[in-house]
Amino acid sequence: MNQAAIAIPEKLFFKIGEVCELAGVQAHVLRYWETEFPMLAPQKNRAGQRTYRRRDVEMALRIKQLLYDEQYTIAGAKKKLANDSSRGASHEVDATPTPKPPPRSLQPPPSLAARFGAPAAPAKGPEQRATLRQIGQQLREILDLLADGDAEIKSPRGKRR
């Protein structure tokens, strides 16, 4: 499947379901790609839902093309996209993700902060900062999964009463 063959609607923002339909993948696949490919970085709205821009949709289609059609591994696709962006390739959009504000506060509640003392000293090297960013992203995904689970738990309970 060629990404040029897919007509992307003229919209400013897309919901995850719309992107999944355009790319022909399930939502969990798209969320996984977000963890592996930093250039696929949708913003989140106030409700915590992902909002994809056209460049995100194009990137998802490019990633799918590399993984599914051209049979690249995840690592190979990352290298290919990095090489494409350094050469200014036409199907590469922007390789530098825009920083996303965290949907929730990552600070511990005051009761836990007092119990465990002052926060640790900030990371000093770029490797430490990158590792901490990755951990933070994974923790946000866990929080999202927990929030999704909470929503599923609340809805059946409401029907039982």
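What you are looking at is a predicted structure, and each value in this text was computed from that prediction instead of being measured.
One finds the CG atom of Asp56 at 8.0 Å from the CD atom of Glu34 (value rounded to the nearest 0.5 Å). Phe14 contributes atom CZ, which lies 6.0 Å from atom CZ of Arg54 (distance to the nearest 0.5 angstrom). Distance check, rounded to the nearest 0.5 Å: CZ of Arg129 to OG1 of Thr131 gives 11.0 Å. A distance of 9.5 Å separates OG1 in Thr35 from CG in Leu40, rounded to the nearest 0.5 Å. The distance from atom CG of Leu132 to atom CD of Glu127, rounded to the nearest 0.5 Å, is 12.0 Å.
What you find for Ser85 and Ala82 is that their closest heavy atoms are OG-O, 2.9 Å. Shown here for Ala60 and Leu30, the closest heavy-atom pair between the two residues is CB-CD1, 3.8 Å. Nearest heavy-atom pair across Ala77 and Leu67 is CB-CD2, 3.8 Å. Here the closest non-hydrogen pair linking Leu22 and Ala7 is CD2-O, 3.8 Å. Between Ile16 and Ala27 the shortest heavy-atom distance is CD1-CB, 3.9 Å.
Taking hydrophobic clusters as Ile, Leu, Val, Met, Phe, Trp and Tyr residues chained together by side-chain heavy-atom distances below 4.5 Å, Ile74 shares a cluster with Val25.
With 3.5 Å as the limit, one finds a donor-acceptor pair spanning the side chains of Arg62 and Gln65. Checked by atom type, the side-chain pair Tyr52/Glu58 shows no donor-acceptor distance below 3.5 Å.
At a threshold of 4.5 Å between non-hydrogen side-chain atoms, the residues Lys80 and Tyr72 count as touching. In this structure the side chain of Ile8 reaches within 4.5 angstrom of the side chain of Leu61, judged on heavy atoms. Counting only heavy atoms from C-beta outward, the side chains of Glu18 and Glu21 never approach each other to under 4.5 Å. Between Glu36 and Lys78 the shortest side-chain heavy-atom distance falls below 4.5 Å. Put simply, the side chain of Cys20 does not reach to within 4.5 Å of the side chain of Gln26, judged on heavy atoms.
Surrounding NZ of Lys11 are more than 12 heavy atoms belonging to other residues, nucleotides or ligands, all under 6.0 Å away.
Judged by distance alone, the side chain of Thr51 and the main-chain N or O of Phe13 form no donor-acceptor pair under 3.5 Å.
One finds no salt bridge joining Asp69 and Lys64 here, because no Lys/Arg side-chain nitrogen approaches an Asp/Glu carboxylate oxygen to under 4.0 Å. Salt-bridge annotation for Glu141 and Arg31: absent, with no side-chain N of the basic residue lying under 4.0 Å from a carboxylate O of the acidic one.
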Evaluate the side-chain contact (heavy atoms from CB on, under 4.5 Å) criterion for residues Lys44 and Asp144: first the C-alpha distance (whole Å), next the side-chain angles of each, then the deciding distance (0.1 Å), finally the verdict. CA-CA 11 Å; Lys44 289 194 180 178; Asp144 289 342; 2.2 Å; yes
Run the numbers on Leu81 and Met59 for side-chain contact (heavy atoms from CB on, under 4.5 Å), then give the verdict. CA-CA 9 Å; Leu81 290 171; Met59 182 55 61; 4.1 Å; yes
